[in-house]
Structure formats: C-alpha cells, structure tokens
Amino acid sequence: MTTSLKKNGISSSRAVGLRFRAAAMVKNRRVGTTIFMLLLALLAFGTFAPAFAPLPSLSSSSSRSDIAGHNFMGDKNKFEIADDMFWKDGKPFQIIGGDLHYFRVLPEYWEDRLLRAKALGLNTIQTYVPWNLHEPREGQLVFKGIADIFSFLNLCQKLDLLVMLRVGPYICAEWDFGGFPAWLLTIEPAVRLRSSDPAFINLVERWWGILLPKIVSYAYKNGGPIIMVQIENEFGSYGDDKAYLHHLVSIARKHLGDDVILYTTDGGSRENLNKGTIPGDAVFSAVDFSTGDDPWPNFKLQKEFNAPGKSPPLSTEFYTGWLTHWGEHIANTDATVTASYLERILSKNGSAVLYMAHGGTNFGFYSGANTGADETDYKPDLTSYDYDAPIKESGDIDNPKYQALRRVIAKYTAAPLPSVPSNTEKKAYGHIKLQKTKSLFNIVDTTYFDGVTESENPLAMESLGQMFGFILYVSDYKAKANGSLLFIPKVHDRAQVFISCPSDNYEENPKHVGTVARWSNTSIRLPHTQCTSDSRIYILIPLPVPFGVAQWFRLGTSMLEVSSSKPLASESKGFAFWVELVAPGLPSAGYLSYVVENMGRINYGQYIFDKKGILSPVYLDGKPLQKWKMLPIPFHNLNEDQKNNSVISDAYTDLRKSVLIKLKNKRNHHPAPAFYTGHLTVDEVKDTFLSFRGWSKGVAFINGFNLGRFWPSFGPQCNLYVPAPILQEGKNLVVILELEAPNAELFVTSVDHPDFTCGSSANSRVHQI
C-alpha cells in the first residue's frame, strides 16, 4: 500500500481487482499466409480484410461463443496478457478482486471470509506473504496455523477464486517492519534493505528459494489458482535501484519459470512508475491511486510503462477505506461514492482489486507504524485492521458499502452472484471480574537474572535477541538532595521510567516517575530518594522436567506462573517458580528502571530500518549514565506454537491465593505494569469483543492467544475482537498486562459489537495520508 497517497475529501481506499469486460475493438492482428495466398487475396479482393470482427462485450452470452470461435490463445490452464487485456483459457477476462490476508484471519474463518468475498462478486483474491510471519527467527520456518498459506490457497481453488500473490520481500501492508523479519536488524554490518546490496540479495534469494518452490505447484499453469505474482511493493515510492528489481525478477523466474506473470504495483505518478517498473514485457506494471481520482488518466500513464499490447488497465489497490493510527478518528469513507468510482473502472473494461475486501485483525504484535516528516512523528497502527472495508473485521456484511459495491459488480458479471450470507453471530457475555496476580516487577529480576545482559550503554532490543514485547533496562544512580534531570534522546517507542530504593519491604515496587515517548521526548525530573536498606533479589529458575505440576502460560521464553495443582500435558517443556533471596551488604543506591515497549516497527518510507529500545545514551544531569542491565520480556507472538502458550487447565487457586495474600490491602497508586487474570464463562461459543473502557494501555490474552494491544485512553479503538475459535465452552482464562492504571473496579466486559469512540476527542486527529 502506498501510504503517501493523499486522502481526498471523499475517500482514501485501496484498489480492487475487477472482472474484465471486453470492449468492442478492432483487432489488427495480421494473418500469416504464403506468398501465393497473398497474391490470390489481392486479385480477389484488392485489399486486406481485418483478421477479426470487433470484440463483443463479455457480459453478453452470445459474444462468448463468438470469442471462443476466434480462440487464438487456446490452451487450458493459461493466463496471459495480450491486446491490452487479460486472457484466461483463451477468453478475455476482467479481474474483479479483493485483498484478503490469510495472516489477519484465523484459519477456521478463512473459508467463511472467502465465501463472503465471492458473494460480493469477486473472482480473484490478492494477498501478501509476510516474510516475518514465516521466518520469525533466522532458519526457523513456520507454515502452519495462521501461517499455513498452502491451505489458504487450496481453499481459494476449492471456491473457484483466482489468486494474485504478493511475495515481497517487502510488503508494507501496515504490518510490522513491512513484512521483513526483525532479525535482519541484528546483522552486522547492517544490510541495506530493499536494495541490490549483495548481503540483502543473498538473504532474499535464500528466503525465496524456500517459498517459491513451495508455491509453484499452485500456479494456474499447473492447475492451481495463482494467476500472477507480484515482486516488491510500490518500490517507486521508496527507491531507484533497477539492479535490485532485476535481481528479484531473476530469482522469481528461476523458481517459477517464464510463463508465470510477474507484476509490480506503483502509485499512479510518472516519478513512481519511472523508479518502480521494469522496462520491456518481462514484468507487467500495474498502478494504484486514491479513490476519488479519475482512474483513466492513471491507466493511460500505466500504458506508457508496459510493452505495446501488454497493458490491461488494472488498479491493484482500489481503496475501499483507509488505515487508522492510534490517536486518530476511525477512518470512514462514503459507500455510494466508493462504489461509483469502482464503476468508472469496470464500465470501461478496467480491472481492479479492492483494498481491502476484508481487513481482519493485527493479532499479536504485528501491527505496523508510519511516520510523518521525521521518525519522531511516529504513528502506530491499531490492532483492528477493519479498514472500513465492505467485509468488516468480524466478517459482517450487512452494511451499505458491501451492498453498494455488490450492486456495481453484479452489472459486470455474466453469471448471477452467490447469495449473501448472514452476519456472523456474536454474543455479549458480560462483565469479567479480574484479580491482580503479579506486578511485572515480580516477574522479572532486576539485579540477578539468568537472561540479563550487561553493557556500558543501553543496547537495542534486537541486539538482545528480542524481536517483540518489552525490554527492562536497569541502572544504579546516586540520588541528589535536589533531585536529578533525566533525558533520553532516542527511545523506540515508549518508555515508562521507574525508580526504586533497595528495601526490606518485599512488597514495594519501583515508583513510576514519568513516561518518555518517541513522539514527545521530554526530560523527566527524578525526585530525591534516600536508599539505606539491604537489597532483595528475585530469581526465576527454569527446571527441565518432562511434565510439570503447575498451570502456566508462556511469555515467550519466560513463564508467568498463575496456578498449581494439576499436571500439565506430556508435551510440556518446563516449570517455573520463584525464590526470594536477601543479599545484604550491597551498596546503597537508587535503581533506575525503564520498561520500553515496542509498539510496531515502521512499515513504510525512509525510516523503515526501525530498531527498538533505547537507541542512544541516557543522560542524568547532562552526563551519560552507564553500566546497564537489560532484561528481555518476550511475550509470545501470533505465529508461535500454541501448545505451550495456552493454559492447560482451569484450576489455578493455590498460587493465586498466595499472591493475593501478598497483595491484599495494598493498593498501588502509581502507574505500574501488572498482570490481571480472570475467567470468561461461555455457555455458547460465539464471536465477541472485549471492551477495555476504563483501562489504560496493554496487551490481552485469552487461553494463551495474543489478541493484541489495547490503548483506550488514547483511542479510538475501545474493544478487541475475540473470534469464536479461540474460545471454549465453560471457563476461558483472560490475562491482561496493564502497563499503567487498570479499570478501578477491575473488570473488562464482553460485548457483541466493535467500538471506535475511545480516547480524548481533543487529542484525536486524522492524518491526510
């Protein structure tokens, strides 16, 4: 997606692939003949006759037999471009498509969402392939669960939907790091992303050497659904490196062969197309542009960047809505106007792909971010990727936009459209009472922990092997009577600052003194703290036992203990418990702690090389503060194995009671990260939403599944979507990491609808992207 496109007063939507309706046109194909026949024709007619009559409209059934009678393309399982049209099995074909990303929908719902797209009138599905989903760590390949692209392709074929596959390696897509795996940021010397840097090309060649041989059997020529494969994504909006693009073409051809159509997509300007396309007929050049723009000047320009006869008008991103960042009003575009601009394309035989047909959800930590004028103008994306698309985040289609688009598409489709399914059933299960089970500072040890890294200066998250989640930075400092001034020039993305004094009161947590954000970096005044008592160290000890006797859910490589009493399943890998030790005699000093949150790597533009954590020295009263301890806090992400991430049993009373005894009668009045747990009781499994009104900011899990980030205090998203497949009848464990202040009454609410009205309207804004 080109996030530099300007949102017009009507809409800023993504491009739709539309079914090609052939116009009446005269074919000037020359009939080959012998010299004898040529002379005979001259004598008989005195002139040449045209090879074919004008091509009738595809919407006419009689014209189809005429076209078949002149089938010069011929073969079955052939998808080609000729005479500025798409041809499928020898017949003109209009792409009426839509983006629907398998990685934003639970696999159990793939078929449901595809059927809704088909009922809309779509004949083609376009999807990206995010490298970081399939190789989250170097050499660790994932092609199962939500990353099982092959099952998704099989479903498309089963439902007679063609596929346009966007294999990257860069995808944008409002997806973390534009689809690049974060471990690319750890390579030294740094690779130049999206370039002909040999180090980067070698990495792409290795990745595509894994991916492309797996998908070639799904190509249309081999009986599969894939009609075209996109290389890169809107490269003309980023760089000007033809050698890089030629490298990608060479790699793709090596694995896919010469008869699979490769295509590029670029914004509809001459500059973008000059930089992002490949001259000649080896790669088809498609365009995207703002909904509300006249499409045909863009298609005329597109034609200049394709070989003669090789430029069927195609908008690969016809925007049905737009993205939304935290702190903005939710994007909303007019249904009637959107449909009218789609008709401008279809009525003149153009093709389009709706971006998005169905947006879905950025589960886990995969939502991306954009920037404005510089990298401090940081704009993280919502967890919801509803996009104001015709098929809503939860699959609902009873809305004006779906209906308006369907009416238009039906005009340009020969066969009747499938019947429209009903909305998905949802249920409001009511209040879920929660208990505070542990402070984050009880989970991690700030002074003596097996996973700690020590360094003179702070290190980036990726340098510690941490790709998502949180990092805890700890250092000692000498408190001054009149306080101190703290300044961090560069933090990505948001740091909560705490100070503590070694104390013999084991219940005391570090005190929150301020927050530093990438977009509002200011100094923090540290109050005077007198530290006199002994220190206390908390140590987490993992024990490699074949099966344990506790209930837990996994936070990446760490375990959050929430119960004991029932044995775990045999596939369980370990067990965790806490030991308190008193270490007398340590120097009296204050501890300075930062919990730094990665809110999503930039997915578009020049600042895409986006490391996380503290990326500069930390200054205390103008002098660098040194000798740092760094603790990764790695929560599991979307594509990790769920066997050890989910809670195995519902009984979790013993440890919970012991924790609550420690916490009772003690109220933390300072914003502090803490875990809250409770049960959602389900009598009938349906989709639902969790409302976080009254909460501040954090991450939510149900049965170990990472629903994503919530931030209702900033808005606009209040509720997180909870698909039915992650629920079960009976009790479902809800775990919330709240980074600041919880709802005063300690509950969340299961409701039956989305809500994008949270946050202060004074702070809300709409970026004109």
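Note that the coordinates shown come from a computational prediction; the quantities given were computed from them, not determined experimentally.
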Asker: Which of these, N598, V699, T383, D176, sits in a side-chain contact (heavy atoms from CB on, under 4.5 Å) with F365?
Answerer: V699
Asker: Can you pull out every ring pair (Phe, Tyr, Trp, His ring centres under 6.0 Å) where at least one residue sits in residues 220-239? Sequence neighbours excluded, please.
Answerer: F235-Y244
Asker: Taking E462 for the side chain and K612 for the main chain, is one N or O donor matched with an acceptor at less than 3.5 Å?
Answerer: yes
Asker: Looking at residues at least two apart in the chain, or sitting in another chain, which of them share a ring-ring contact (aromatic ring centres under 6.0 Å, His included) with F143?
Answerer: H134, F150
Asker: Run the side-chain contact (heavy atoms from CB on, under 4.5 Å) check on K221 and V260 step by step: do they pass?
Answerer: CA-CA 8 Å; K221 66 173 184 177; V260 171; 3.9 Å; yes
Asker: Parallel, tilted or perpendicular, judged at 30° and 60°: which one describes the rings of F714 and W519?
Answerer: parallel
Asker: Go through the steps to decide whether R518 and D610 satisfy the test salt bridge (charged side-chain N to carboxylate O under 4.0 Å, His left out), and finish with yes or no.
Answerer: CA-CA 12 Å; R518 179 174 182 163; D610 189 23; 3.0 Å; yes
Asker: List the steps, then state whether side-chain contact (heavy atoms from CB on, under 4.5 Å) holds for W131 with F177.
Answerer: CA-CA 10 Å; W131 185 358; F177 202 13; over 6 Å; no
Asker: Kindly list each side-chain donor-acceptor pair under 3.5 angstrom involving residues 181-191, sequence neighbours excluded, with atom names and distances?
Answerer:
unit_1 : atom_1 : unit_2 : atom_2 : d
W183   : NE1    : E135   : O      : 2.9
T186   : OG1    : W183   : O      : 2.7

Asker: Side chains of S285 and D266, heavy atoms from C-beta outward: is any pair under 4.5 Å?
Answerer: no
Asker: Does the E232 side chain pair with the main chain of E234, one donor and one acceptor, at a distance under 3.5 Å?
Answerer: no
Asker: Sequence neighbours left out, what passes ring-ring contact (aromatic ring centres under 6.0 Å, His included) with F470? Give chain and number order.
Answerer: F635
Asker: Within 45° of the axis and under 6.0 Å from the centre of the six-membered ring of F609, does NZ or CZ of R194 qualify?
Answerer: no
Asker: Among all residues two or more places apart in sequence or in another chain, which pass the ring-ring contact (aromatic ring centres under 6.0 Å, His included) test with H101?
Answerer: F103, Y128, Y355
Asker: In residues 212-219, what donor-acceptor pairs under 3.5 Å come from side-chain atoms, sequence neighbours left out?
Answerer:
none

Asker: Is it true that a side-chain atom of T320 and a backbone atom of M356 form a donor plus acceptor pair closer than 3.5 Å?
Answerer: yes
Asker: Tell me if the centroids of the rings in F152 and W110 come within less than 6.0 Å of each other.
Answerer: yes
Asker: Counting heavy atoms not belonging to D160, are there more than 12 under 6.0 Å from its CG?
Answerer: no
